[in-house]
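Here is the structure we will look at, set down as structure tokens.
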2 protein chains.
Amino acid sequence: MGKLREPLKDMANCGLPAALEVMGERWSFMILRAAFNGLIHFEEFSSELGIARNILSNRLTKLVDHGVLERTPCAADRRKVEYRLTEKGASLLPAMLALRQWGAKYGGIVDPELILVDARDGKPIAPITIRAGDDREIGWHDLAWMHRDELGKKKPDCC
Amino acid sequence: MGKLREPLKDMANCGLPAALEVMGERWSFMILRAAFNGLIHFEEFSSELGIARNILSNRLTKLVDHGVLERTPCAADRRKVEYRLTEKGASLLPAMLALRQWGAKYGGIVDPELILVDARDGKPIAPITIRAGDDREIGWHDLAWMHRDELGKKKPDCC
DNA sequence: TCTATAGGTAGCGATTCGAAACCCATTTTT
DNA sequence: AAAAATGGGTTTCGAATCGCTACCTATAGA
């Protein structure tokens with residue numbers, strides 16, 4: 001039967017510490033955001049983010065080490081370097097947008113000038129939600145933990 | 001017309017710095033996770049997370065100050081205090097799960113013992129995705145920024 | 001009363017951050 | 001070709017933060 005509480009002890013089983021290991025430091029998410037916005041060069045990140053060069057250098061190499069960004073020397077101008085999102089890095093978009101939507105909703109951003117839209121129809125994207133396997137939106141109290149051996153067994157309603 | 005790049009300069013317009021202001025420090029997300037798992041008392045957070053007491057105290061008061069948690073003295077035992085998620089705090093669930101799914105996928109968690117399921121049918125929840133207003137799943141390259149005045153105008157395909 | 005529990009603070013060394021200066025290879029300008 | 005500017009860093013060093021341990025106070029239980 002599924003447990004109501006997840007055992008916090010065994011971190012080995014949880015993706016959150018792993019994610020925070022990579023993205024949990026200061027500036028990491030802002031760098032990611034900048035990368036999604038198309039910035040690729042060191043100086044671009046530096047000037048747009050206003051972050052100290054040593055810290056930026058440190059974060060960029062860490063993100064590269066963890067496979068979020070890919071660092072390639074620029075062929076055209078050999079002084080330059082390109083930092084591009086990998087597939088792994090691009091997969092952080094839902095997390096980043098969810099965080100961002102939350103910050104916008106509760107952080108006092110009432111009438112944003114720019115709105116993120118679907119390019120195909122120019123309409124705003126939906127708030128990011130949690131969905132069951134069949135696409136129903138579900139909330140916190142609809143969730144349960146279940147051992148991998150007993151998937152599919154509906155939990156009793158009682159507890 | 002929508003801009004391809006979001007101006008990073010005006011942070012006032014972006015929810016991400018606001019979100020990171022609240023949740024960007026070390027342990028904040030782990031505390032949130034613990035709260036989602038039903039922990040409510042200081043000693044519970046302390047022992048389960050293994051975090052130093054002064055840091056924990058600092059984070060909890062910060063989360064309370066920002067309205068993520070609500071601190072109420074426990075009526076039954078006046079030594080105790082309860083930290084509970086507010087609606088604002090509970091709204092972080094999609095962001096936390098997205099981050100967590102990402103960490104699990106890429107962080108080498110191959111065969112998790114416990115799986116997050118929909119309590120109604122015992123089936124695993126879906127990966128968190130980005131959706132257009134009409135519920136289509138969309139990806140990074142389908143996104144564009146549009147000024148609030150010109151919503152609904154489809155962008156030309158050319159640029 | 002005596003002890004244990006809950007929720008913190010205080011002190012202090014270790015780590016990390018951040019501003020500024022410096023460095024060196026590669027363009028670009030003159 | 002020489003001089004200057006650019007790109008991507010590293011070094012240094014003071015300031016802030018982290019984290020461990022010890023301590024404190026109010027309440028509850030034995």
Side-chain angles (χ1 to χ4, degrees), chain A residues 8-9 11 16-17 20-35 37-66 68-85 89, chain B residues 8-9 11 16-17 20-35 37-66 68-85 89:
Chain A
L8 292 166
K9 303 275 190 180
M11 296 286 134
L16 193 60
L20 294 174
E21 168 76 24
V22 179
M23 298 302 302
E25 283 171 313
R26 200 159 180 195
W27 294 110
S28 298
F29 260 105
M30 290 302 292
I31 290 171
L32 186 80
R33 167 177 179 262
N37 275 301
L39 304 201
I40 53 179
H41 297 299
F42 188 95
E43 296 293 337
E44 290 179 316
F45 289 103
S46 174
S47 64
E48 293 285 338
L49 261 40
I51 168 177
R53 309 176 66 80
N54 55 347
I55 308 294
L56 177 58
S57 174
N58 185 305
R59 292 300 179 276
L60 285 173
T61 56
K62 182 161 183 179
L63 290 174
V64 169
D65 288 346
H66 282 95
V68 171
L69 297 177
E70 179 189 30
R71 180 190 188 278
T72 50
C74 191
D77 183 341
R78 290 168 54 213
R79 291 171 301 182
K80 293 189 184 177
V81 167
E82 294 183 355
Y83 291 97
R84 294 181 180 284
L85 285 167
Chain B
L8 291 166
K9 302 278 192 180
M11 296 286 136
L16 193 60
L20 293 174
E21 168 77 24
V22 179
M23 298 303 300
E25 281 170 313
R26 199 155 181 198
W27 295 111
S28 297
F29 260 104
M30 291 302 292
I31 291 172
L32 186 79
R33 167 176 178 262
N37 274 301
L39 305 201
I40 53 179
H41 297 298
F42 188 95
E43 296 294 337
E44 289 178 316
F45 289 104
S46 174
S47 63
E48 293 285 338
L49 261 40
I51 169 178
R53 307 175 67 79
N54 55 347
I55 308 294
L56 176 58
S57 174
N58 184 303
R59 292 300 179 278
L60 285 173
T61 55
K62 182 161 182 178
L63 290 174
V64 169
D65 288 347
H66 282 95
V68 171
L69 297 177
E70 179 189 31
R71 180 189 188 279
T72 50
C74 191
D77 183 342
R78 290 170 51 210
R79 292 170 302 181
K80 293 190 183 176
V81 167
E82 294 183 355
Y83 291 96
R84 294 182 179 283
L85 286 167

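These numbers come from the heavy atoms of this one structure, side chains and all, not from hydrogens, waters or symmetry mates.
DNA chain C is contacted by both D77(A) and A52(A); A52(A) maps to the nucleotide lying nearer its 5′ end (nearest heavy atom per residue). When the nearest nucleotides of DNA chain D are assigned to R53(B) and Y83(A) by heavy-atom distance, the more 5′-ward of the two goes with Y83(A).
Remark: R78(A) is in phosphate contact with dT26(C), judged by side-chain N or O atoms under 4.0 Å from OP1 or OP2. For S57(B), no side-chain nitrogen or oxygen approaches OP1 or OP2 of dG7(C) to under 4.0 Å. Taking 4.0 angstrom as the limit, W27(A) places none of its side-chain polar atoms (N or O) nearer than this to OP1 or OP2 of dC17(C).
Within the model, atoms CZ of F45(A) and CG of L69(A) stand 6.5 Å from one another, a figure rounded to the nearest 0.5 Å. Within the model, atoms CZ of R59(B) and OG of S28(B) stand 5.5 Å from one another, a figure rounded to the nearest 0.5 Å. Once rounded to the nearest 0.5 Å, the distance linking OG of S47(B) with CZ of F42(B) reads 10.5 Å.
The CD atom of E48(A) sits 14 Å away from the P atom of dG8(D) (whole-angstrom rounding). R59(B) has its CZ atom 19 Å from the P atom of dG7(C), to the nearest Å. Atom CD in E44(B) sits roughly 11 Å away from atom C1' in dA6(C) (whole-Å rounding). Across the protein-nucleic acid pair, E43(B) atom CD and dT27(D) atom P stand 17 Å apart, rounded to whole Å. Atom C1' of nucleotide dT10(D) and atom CG of L60(A) are separated by 14 Å, given to the nearest angstrom. To the nearest angstrom, P of dT16(C) lies 13 Å from CD1 of I55(B). If you measure from atom NZ of K62(B) to atom C1' of dC18(D), you get 14 Å, rounded to the nearest angstrom. Regarding F45(B), its CZ atom lies at a distance of 14 Å from the C1' atom of dA6(C), rounded to whole Å.
If you check dG8(C), dG9(D), dA6(C) against the side chain of F42(A), the one that comes closest is dG9(D). Here the nucleotide nearest the side chain of H41(B), chosen from dG7(D), dG19(D), dG7(C), is dG7(C). Here dG9(D) is the nucleotide among dG9(D), dG8(C), dG19(D) with the atom lying nearest to any side-chain atom of R71(A). Of the candidate nucleotides dC17(C), dC18(D), dA6(C), dA6(C) has the atom nearest to the side chain of K80(B).
Scanning all heavy atoms of the two residues, the minimum distance from V81(A) to H41(A) falls at O-ND1, 2.7 Å. The heavy-atom pair separating R71(A) from V64(A) by the smallest distance is CB-CG2, 4.0 Å.
Residue N54(A) is classed as a base contact, given a heavy-atom separation below 4.0 Å to a base.
Between the side chain of R79(A) and the base of dG8(D), no donor-acceptor pair of N or O atoms lies under 3.5 Å.
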